[in-house]
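Following: one structure in structure tokens, then a few remarks.
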Amino acid sequence: MTAEGYAMKKYRPQDIEVKWQSFWEKEGYFKVSEDRFKEKYYLLEMYPYPSGKIHMGHVRNYAIGDVVARYKRMRGFNVLHPMGWDAFGMPAENAAIENNTHPAKWTYDNIDYMRSQLKRMGFSYDWGREIATCRPEYYKWEQLVFVRMFEQGLAYKKKTFVNWCDQCQTVLANEQVVDGCCWRHTDQEVVLKEMDSWFLKITDYVKELLEYCDKLPGWPERVLTMQKNWIGESHGAILRFPVVDSDHVIETFTTRQDTIYGATFLCFAPEHPLVRELTRGYPQEKEVDEFVERTLKVDTFMRTADWTVKEGVFTGRYCLNPATGEEIPIYVANFVLYEYGTGAIMAVPTHDQRDFDFAKKYGLPLRVVIKPPDTDLPEDEMTEAYVDEGVLVNSGPFDGMPNMEALDSIIEYLEKKGMGYKTVNYRLKDWGISRQRYWGAPIPIVHCPECGEVPVPEDQLPVVLPLDLDLKEGGKSPLPFAPSFYETDCPRCGRPAKRETDTMDTFVESSWYFDRFASPRYDEGPFKKEEVGYWMPVDQYIGGIEHAILHLLYSRFYTKVLRDMGYLGIAEPFTNLLTQGMVCKETFRCREHGYLYPEEVKDGRCTHCGKEIEIGSSVKMSKSTRNVIDPQDLIDRYGADTVRMFCLFASPPERDLEWSDEGVEGAWRFINRVWRFIEENRELLSRMMPYDGLQEIPPDLRDIHRKTHQSIKKVTEDIEDRFHFNTAISAIMELLNTVNQFLNTNDEITEVAWSVIKEATEIMVVLLHPIVPHVTEELWAALGHEESLAKVPWPEYREESLAKESRLIVIQVNGKLRSRIEVPVSLTEEEIRKKALADERIQRFVADKEIKKVIVVRNKLVNVVV
RNA sequence: GCCUGGGUGGCGGAAUUGGUAGACGCAAGGGACUUAAAAUCCCUCGGUCCUAGUGGCUGUGCGGGUUCGAUUCCCGCCCCAGGCACCA
């Protein structure tokens with residue numbers, strides 16, 4: 001019992017959080033629709049894969065997003081803040097095998113549980129727009145878009161060498177291969193396999209994708225750099241090498257056409273179709289076949305790793321160097337990539353290190369064609385290739401020309417002779433979307449023996465993924481074994497035909513889900529034009545840096561395709577992008593039991609064997625290193641507000657977040673401090689009117705008032721300009737400290753003082769609301785308000801309230817801090833200079849020395865140079 | 001090897017435009033309250049030296065430079081993290 005005679009309420013998050021969550025939901029606060037009279041703001045966080053339960057990475061990502069969503073609402077924006085599920089994918093199949101359940105059941109159960117967890121966190125989503133990509137109502141439209149793309153030639157099938165994982169029994173995109181192994185099974189070496197696959201022609205859009213990298217000022221520079229490098233534009237030329245005793249001409253791509261006179265041999269990639277043709281009937285045929293077969297067994301990564309020995313074999317054939325007319329030998333080499341350029345290279349051993357290594361190994365001739373500026377370069381003394389600039393030699397009409405200038409001249413010369421042309425090459429490859437998996441969206445194509453590949457007509461979509469099938473042995477897809485699925489009639493000729501049994505890469509679903517959120521229930525097309533036109537593009541997208549390339553590049557591509565089909569009126573999906581860092585924690589390791597979960601460690605010892613544990617460095621939280629914290633435990637113990645506050649306070653979003661048990665405790669304590677402060681003074685505070693800044697008040701109260709308005713300014717700018725919630729929270733902590741200090745140091749608190757404190761208190765609660773929405777709603781009510789805090793507008797600071805009549809000036813001598821003086825802000829520079837020089841402590845330092853210079857920075861500092 | 005970030009107390013971090021280095025929080029130490037503990041509150045808290053002060057020196061990975069003044073800009077180097085991998 002306090003002096004006022006009522007029981008002080010203790011902060012019990014479990015009681016208040018669920019209460020406010022159901023209040024918001026009941027009132028429909030976060031439901032939105034198009035409103036021409038309000039400015040829209042589309043805030044999106046990357047939707048999760050429903051893996052079972054939410055993890056700290058989700059919590060951090062969504063806490064950041066929720067602050068922005070709630071803040072923008074308080075600022076009067078019409079905020080679209082949706083949530084959904086990236087619901088197709090392999091883990092569902094793996095779990096199905098392990099737990100003897102169906103991927104669909106596993107997925108939907110997980111969605112239900114994770115939705116309840118997200119709701120328990122108090123995130124302000126418009127749940128009425130929830131989507132799950134595994135529902136036919138969603139993938140129906142994806143199939144429709146695929147059909148359109150097929151009709152326009154943007155989706156096509158081709159035979160390719162693909163990365164094959166024996167464990168997944170599926171194809172992996174090149175990007176999904178990590179260290180030569182499957183990115184999901186890091187101990188499974190990926191093998192090359194020839195297979196029919198569906199591709200989307202992202203290369204048709206390569207120029208625009210690259211160009212627009214410079215038109216996305218709201219994206220982090222590093223993400224754009226990574227995308228540019230991934231696209232990999234390079235300017236060069238195609239050069240033609242006619243084969244001796246043959247009609248064939250080999251095309252090679254090079255960026256170094258200036259070195260053409262030094263090309264002394266040519267290399268094919270092992271996959272190149274001409275290899276077989278040119279060697280047929282030649283003595284080298286068998287040896288070449290063996291080499292190709294052997295090399296292709298090794299996957300691309302291993303084959304081309306820099307520590308792999310460069311190997312090759314002579315084909316027995318020769319071609320003509322288009323510049324010199326000389327006959328040069330043709331080789332097949334392991335380091336040449338079929339996927340890049342034309343799959344064949346001209347080799348200039350004197351000016352390319354790889355070619356040099358290869359030439360040395362097989363005793364091939366060297367010819368220097370670029371002379372270094374100050375020295376001669378005899379071929380027989382070279383120990384490495386000369387890759388720098390110089391002047392051309394041994395280059396016919398181009399002798400004496402600086403090599404960089406010759407780039408254009410040489411290609412013009414060869415072009416006239418019909419031996420080549422200038423071109424731009426890209427590293428980006430078409431997007432392979434075929435998956436030999438069950439749990440994905442079926443590719444809507446029918447294979448007819450008469451008509452070939454026929455798209456499923458629009459009125460027959462969706463091709464529903466049958467749920468009454470079970471995975472085959474080893475996790476293989478049941479679709480190719482299910483006549484009920486694949487047996488059909490050709491939509492064109494009506495004869496018996498077979499459905500495509502491949503399903504789509506889940507990156508396809510995530511390439512347009514943000515559009516679908518704008519009209520999630522529309523059933524006459526992928527989206528309703530007015531709705532998607534109102535909401536798109538996403539104003540702020542927030543997600544992990546790990547998606548910097550694939551997901552974001554595919555989404556950009558897909559947006560441009562949908563634009564060209566007339567569905568969208570925009571060129572880019574995400575105006576602003578925030579990439580947040582990872583959540584990290586130290587690892588615990590027992591000599592006997594390996595990595596341990598935090599709960600398996602007690603007093604620095606393993607709970608299984610009592611051995612002392614080793615504490616490893618802090619790395620990304622993951623199941624494999626077991627350094628994970630379950631957010632659910634924290635919610636149960638501290639409540640959602642504390643978890644949110646910790647995630648936001650511990651570090652700025654773009655940096656990695658260092659996990660700390662004590663840090664959570666600190667967030668909990670701060671919320672309790674705010675709670676206690678208001679509870680203890682509730683009686684007085686609730687009946688007091690907040691100070692409005694107009695009437696004259698004593699200086700110590702003016703300090704509190706000023707601090708209040710400084711806090712508004714600081715918190716607003718930190719959220720608005722840079723998402724630095726950690727410093728925003730610090731500012732609010734300082735405000736509370738200021739008020740507490742005042743109460744602790746003054747015995748008698750006047751009415752006016754209480755009204756100034758009331759203002760500070762209300763501002764504190766309002767500023768904290770986007771960060772810790774539940775406790776602030778409760779406190780807002782405790783302060784006597786009847787309307788929900790979620791409906792209160794964001795406060796504006798008063799410029800006049802920030803004004804100070806005096807200012808602290810620091811005085812330096814030779815750049816070293818020596819004294820501080822408080823001066824009225826009205827003082828001129830000259831007056832400040834005089835005051836500074838007159839300062840007693842400064843006098844001591846400059847006493848017998850000559851003053852050379854005095855620098856005055858108004859309202860900041862004086863530096864006396866002696 | 002290349003590209004991109006980063007390196008600040010015992011720890012997470014702050015210093016936003018070249019102007020008081022270490023805000024705010026955590027941990028630690030001391031004290032108050034308590035029968036006791038928890039909770040809470042108060043004080044100290046980069047290093048070092050002394051005459052103990054509104055003290056001196058030193059200090060933002062290392063070495064230089066520019067500047068009256070550098071965590072911030074420039075050059076060279078070291079270390080850490082992430083991405084890429086013979087790209088012709």
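Just so it is clear: chains get the letters A, B, ... in the order the sequence lines come, proteins before strands, and each one is counted from 1.
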- Query: Looking only at heavy atoms, which two atoms of A:R60 and A:G581 are closest? And how far apart?
  - Reply: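 Taking every non-hydrogen atom into account, NH1-O, 2.9 Å.
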- Message: Is it the case that the ring center of A:F670 lies less than 6.0 angstrom away from the ring center of A:F649?
- Response: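 No: the rings miss the under 6.0 Å criterion.
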- Message: Are A:F265 and A:Y362, when compared by the centres of their aromatic rings, separated by less than 6.0 Å?
- Response: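 No.
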Nearest to the [X] side chain among [options], which nucleotide is it?
{"X": "A:E662", "options": "B:rU20, B:rG13, B:rC26", "value": "B:rC26"}
{"X": "A:S234", "options": "B:rU4, B:rG12, B:rA88", "value": "B:rA88"}
{"X": "A:N744", "options": "B:rA88, B:rC41, B:rC24", "value": "B:rC41"}
{"X": "A:S730", "options": "B:rC86, B:rA14, B:rC24", "value": "B:rC24"}
{"X": "A:V865", "options": "B:rG13, B:rG12, B:rC68", "value": "B:rC68"}
{"X": "A:H724", "options": "B:rA23, B:rA14, B:rG19", "value": "B:rA14"}
{"X": "A:N863", "options": "B:rA88, B:rG19, B:rA14", "value": "B:rG19"}
{"X": "A:R427", "options": "B:rC87, B:rG19, B:rG12", "value": "B:rC87"}
{"X": "A:R655", "options": "B:rU58, B:rA14, B:rC24", "value": "B:rA14"}
{"X": "A:R676", "options": "B:rC26, B:rU40, B:rC3", "value": "B:rU40"}

Figure out the [atom1]/[atom2] separation between [X] and [N], and round it to whole Å.
{"X": "A:K707", "N": "B:rC24", "atom1": "NZ", "atom2": "C1'", "value": "10 Å"}
{"X": "A:L736", "N": "B:rC24", "atom1": "CG", "atom2": "P", "value": "12 Å"}
{"X": "A:Q710", "N": "B:rA14", "atom1": "CD", "atom2": "P", "value": "20 Å"}
{"X": "A:E658", "N": "B:rC80", "atom1": "CD", "atom2": "P", "value": "17 Å"}
{"X": "A:K860", "N": "B:rU17", "atom1": "NZ", "atom2": "P", "value": "11 Å"}
{"X": "A:D718", "N": "B:rA23", "atom1": "CG", "atom2": "P", "value": "17 Å"}
{"X": "A:N814", "N": "B:rA70", "atom1": "CG", "atom2": "C1'", "value": "16 Å"}
{"X": "A:E717", "N": "B:rU17", "atom1": "CD", "atom2": "C1'", "value": "13 Å"}

- Qualifying residues under side chain to side chain donor-acceptor pair (under 3.5 Å), relative to A:E233, sequence neighbours excluded: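 With sequence neighbours excluded, A:E233 shows a side chain to side chain donor-acceptor pair (under 3.5 Å) to A:H235, A:Y426, given in chain and number order.
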- Query: Which value, in whole Å, describes the distance between the P atoms of nucleotides B:rU44 and B:rG59?
  - Reply: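 The same atom, P, in both gives a distance of 26 Å.
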Hey, is the side chain of [X] poking within less than 4.0 Å of OP1 or OP2 on [N], counting only N and O atoms?
{"X": "A:R669", "N": "B:rC26", "result": "yes"}
{"X": "A:R673", "N": "B:rC24", "result": "no"}
{"X": "A:N737", "N": "B:rA23", "result": "no"}
{"X": "A:N229", "N": "B:rU4", "result": "no"}
{"X": "A:K853", "N": "B:rC68", "result": "yes"}
{"X": "A:K816", "N": "B:rU58", "result": "yes"}

- Axial cation check for A:F335 ring with A:R354, 6.0 Å and 45° limits: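 Here A:R354 fails the 6.0 Å and 45° test against A:F335.
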- Task: Measure the CZ-CG distance between A:R256 and A:N403 for me, rounded to the nearest 0.5 Å.
- Result: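 Answer rounded to 0.5 Å: 6.0 Å.
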- Per the side-chain hydrogen bond (donor to acceptor under 3.5 Å, both in side chains) rule, which among A:H724, A:Q580, A:R722 passes with A:E654?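 Of A:H724, A:Q580, A:R722, side-chain hydrogen bond (donor to acceptor under 3.5 Å, both in side chains) with A:E654 is met by A:H724 alone.
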Touch check for [X], heavy atoms < 4.0 angstrom, all strands: base, sugar-phosphate only, or nothing?
{"X": "A:L657", "value": "nothing"}
{"X": "A:T254", "value": "sugar-phosphate"}
{"X": "A:R841", "value": "base"}
{"X": "A:G666", "value": "sugar-phosphate"}

- Encoded 5' to 3' (Watson-Crick or G-U under 3.5 Å; [ ] crossing; | other strand), RNA chain B becomes (((((((..(((......[....))).(((((.......))))).(((((..).))))..(((((..]....))))))))))))....
- So which one's nearest nucleotide on RNA chain B is more toward 5', A:A731 or A:T225?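 It is A:T225, whose closest nucleotide lies nearer the 5' terminus.
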- Query: For A:F253 and A:F845, take the nucleotide of RNA chain B holding the closest heavy atom to each; which residue's nucleotide lies nearer the 5' end?
  - Reply: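 Nearer the 5' end of the strand: A:F845.
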- Charged N to carboxylate O under 4.0 angstrom, A:R682 versus A:E679?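 The answer is yes: the pair qualifies as a salt bridge.
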- Message: Looking only at the side chains, is there a donor atom on one of A:Q353 and A:D357 sitting less than 3.5 Å from an acceptor on the other?
- Response: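 Yes, A:D357 and A:Q353 have a side-chain donor paired with an acceptor closer than 3.5 Å.
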